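Predicted model, so just to flag it, every value in this text is computed and none were measured.
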Amino acid sequence: KIKSITPRQILDSRGNPTVEVDLVTENGFMARAAVPSGASTGSKEALELRDGDKSYYLGKSVKKALSNITEYIAPKLIGMNVFDLKAIDALMLEIDGTENKEKLGANAILAVSMCVARAGALELGKPLWQYLREDLKVPTASNKTRLPAPLMNIINGGEHASNNLDIQEFMIVPHMDKSFSENLRAGVETFHSLKKVLTEKNYSTNVGDEGGFAPSLSSHEEALDLILVAIEKAGYTPGKDISISLDSAASEFYKDGKYKMQGKELSSSDMVDYYSNLVSKYPIYSIEDGLDEADYDGWVSLTEKLGEKILLVGDDLFVTNKKILAEGIEKKQANSILVKINQIGSLTETFETLKLAFDNNFQAIISHRSGETSDAFIADLAVATSSGLIKTGSASRSDRLAKYNQLLRIEEALGSNAAFDGLI
Ligand code: PGA
Ligand code: ZN
C-alpha cells in the first residue's frame, strides 16, 4: 500500500525545472521517478503544467504541479494498492477531469504513475521491465523478450541545436545480427568516427540537446554523406550493418501551407518527392514527422508512396494518443508511431496506445524527449514491450547514456535469453 507521495522540483538536461516524485510503500520501499520535457512538441500533447512567472526560472517552474500532487493526488492515493496501476491512473484522470490534463498537469500525473509501477516492481523484487511485462501485462510486439535496436541521433538540428539544419535529427540504426551491446558498440564507434570526419573538415563538433554533433552544413544531403563516411570509416557497411533514420519534425518549419526548408518553399507533394529521392539514394530505415502534424492528406500520399519501403513514424502526428492514432490507422497515415510517455501523461494510456499500435501492425518506437533526466524508465519499457526499437539520443550526455546503460544491464541480466532480432 502507498504510504506517502513526495514531489520535488529538479532540473532537466537543459536546466529547466521538472517534476520528480518519491513514493514510499508501507513495506518501506521507495520508488522515484522524473518526467522529461520536449522542445518540438506536438500541439495535441497533454498539458505540461508550468507556473509562468517570468521572474522565476523564466516561467518554467513546476510548483503548481507539485502542489497538485500534494493537495489533490496524494490524499486520494495514500492507502491504495501499488499493484493496481490501472485503478490509480484512472483515479488521477478522474480527479483531473479534463481531456488534456490541464488541471493537474500531465507532468504531475505521469511522475506518480511511473512511481507506482516502480513501487510494484520493488515490492515483488523484480526488475522494472519484468514487472511491466509479467505483472502489469503491457502489450508486447513479440513473445520473445527483445532488446531494442537503438536509433542514435548523431547529428542534431532544428529546435535542438543552433545550426542551420532544418531536419531535426539524423540518426543511425545499427541492426546487425548480433547482440544489443555489439550493435550499441557499432553506433558508438560510428559516433566517434563522425567526430573525426567533422574535425578533418573543420566543422564544429559541439553537441546539441540530444548529444549529437551540431555543425552548420551546406545541406541535409551533406549530413547524410558525412554519416555514410563515418559508418564506413568505423568499419561498418551502410545499409547492411547500420542504416539511417531521420526525424524532420516538419511542423517546426511548416508555415502558411509551405515547408520552408533549406532556403526553399516546398509544397506537401514536393516534400513527398524529396523524401522518395532521399530514400532511393541513401539507406534510410525510417522518416519521422516528415510532414506537418495537420497535413493529413500529405501523410496519406507519403504512406502510399514509401510505406512499403520504410517506416513512416508519427510523433507530433499521433502524440501517443489512442484516439488520434485510431484515426490515423483508419486513414492510412504513417505505419509507425513514436511513443513518449509524457505526450499522453500516464502509463495506462501509453499501454492502450501501444496495444492499438501492435494490434494494427504499427511499429512502435519507445522514445525519450529532448529535455531528459537520468531516469531510465523508457529502457525498461522498450524491453517490456519488445518494441524492437528505442530512440534515446546520441552517444554523449549522461541523460542519453543513462538509457543505453540500463539496456546493457538488462542484457547482462537476461544473458542468453536476451533476443536481438535486428530490425523487424
Ligand atoms: P522533443 O523532440 O522532445 O523536443 O519534442 C523529440 C522528437 O521530436 O522526437
Ligand atoms: Zn520527433
- Item | Full working for side chain to side chain contact (heavy atoms under 4.5 Å, CB included) between Lys101 and Leu93 | CA-CA 7 Å; Lys101 306 186 174 59; Leu93 298 196; 3.5 Å; yes

Within a reach of under 6.0 Å around [atom1] of [X], are more than 12 heavy atoms found that belong to other residues, nucleotides or ligands?
X	atom1	answer
Lys309	NZ	no
Lys233	NZ	no
Asp359	CG	yes

- Message: Checking Asp12 against Thr18 for the side-chain hydrogen bond (donor to acceptor under 3.5 Å, both in side chains) test, could you report, in this order, the C-alpha distance in whole Å, the side-chain angles of both residues, the deciding distance, and whether it holds?
- Response: CA-CA 6 Å; Asp12 72 14; Thr18 191; 5.6 Å; no

Could you list the residues that satisfy side chain to side chain contact (heavy atoms under 4.5 Å, CB included) with [X], not counting sequence neighbours?
X	value
Val24	Ser4, Met30
Ala161	Asn156, Asn163, Ala214
Ser67	Lys64, Glu71

Ignoring hydrogens and geometry beyond distance, is a side-chain donor-acceptor pair present between [X] and [Y] at under 3.5 Å?
X	Y	value
Ser245	Ser286	yes
Ser370	Arg14	yes
Ser55	Asp53	yes
Gln363	Ser336	no
Asp51	Ser61	yes
Gln262	Asn164	no
Asp96	Tyr72	no
Ser37	Glu48	yes
Ser248	Glu288	no
Ser219	Glu222	no
Ser387	Arg146	no
Tyr236	Glu189	yes
Ser181	Ser179	yes
Asp22	Thr6	no
Asn27	Thr25	no

Can you tell me how far apart [atom1] ([X]) and [atom2] ([Y]) are? Round to the nearest 0.5 Å.
X	Y	atom1	atom2	result
Tyr131	Phe83	OH	CZ	5.5 Å
Gln168	Glu252	CD	CD	7.0 Å
Leu401	Glu372	CG	CD	12.5 Å
Glu327	Asn321	CD	CG	9.5 Å
Met176	Phe420	CE	CZ	8.0 Å
Leu325	Ile344	CG	CD1	10.5 Å

- Where is the tightest heavy-atom contact between Val319 and Gly42, given as atom of each residue plus distance? CG1-CA, 4.1 Å

Could [X] and [Y] be called an ion pair, given the rule that one side-chain N must be under 4.0 Å from one carboxylate O?
X	Y	result
Lys340	Asp316	no
Glu99	Lys323	yes
Glu200	Lys195	no

- Evaluate side chain to side chain contact (heavy atoms under 4.5 Å, CB included) for Val383 paired with Phe180, printing each intermediate quantity in order. CA-CA 11 Å; Val383 177; Phe180 166 76; over 6 Å; no

Residue list, salt bridge (charged side-chain N to carboxylate O under 4.0 Å, His left out) with [X], at least two apart or on another chain:
X	value
Glu159	none
Asp135	Lys126
Arg409	none
Glu45	Arg369

- List in chain and number order the residues that pass side chain to side chain donor-acceptor pair (under 3.5 Å) with Asn183, two or more places apart in sequence or in another chain; answer none if no residue qualifies. none

- Query: What pairs with Asp380 under side chain to side chain donor-acceptor pair (under 3.5 Å), at least two apart in sequence or on another chain?
  - Reply: Gln406

- Task: Kindly write out the residues that satisfy ring pair (Phe, Tyr, Trp, His ring centres under 6.0 Å) with Tyr254, not counting sequence neighbours, or none if the list is empty.
- Result: Tyr259

- Task: Evaluate side-chain hydrogen bond (donor to acceptor under 3.5 Å, both in side chains) for Lys63 paired with Tyr56, printing each intermediate quantity in order.
- Result: CA-CA 11 Å; Lys63 291 190 157 181; Tyr56 191 83; 3.0 Å; yes

- Note on the structure: The complete set of ring pair (Phe, Tyr, Trp, His ring centres under 6.0 Å) pairs with one or both residues in residues 189-230, sequence neighbours excluded, reads Phe170-His220, Phe191-Phe213

Could you give the side-chain donor-acceptor pairs of residues 85-92 under 3.5 Å, partners two or more places apart or in another chain?
residue: Asp89; atom: OD1; partner: Ser113; partner atom: OG; Å: 2.9
residue: Asp89; atom: OD2; partner: Ser113; partner atom: OG; Å: 3.2
residue: Asp89; atom: OD2; partner: Thr348; partner atom: N; Å: 2.9
residue: Asp89; atom: OD2; partner: Thr348; partner atom: OG1; Å: 2.5

- Step by step, work out the side chain to side chain contact (heavy atoms under 4.5 Å, CB included) result for Ile310 and Leu312. CA-CA 6 Å; Ile310 64 166; Leu312 298 163; 3.8 Å; yes

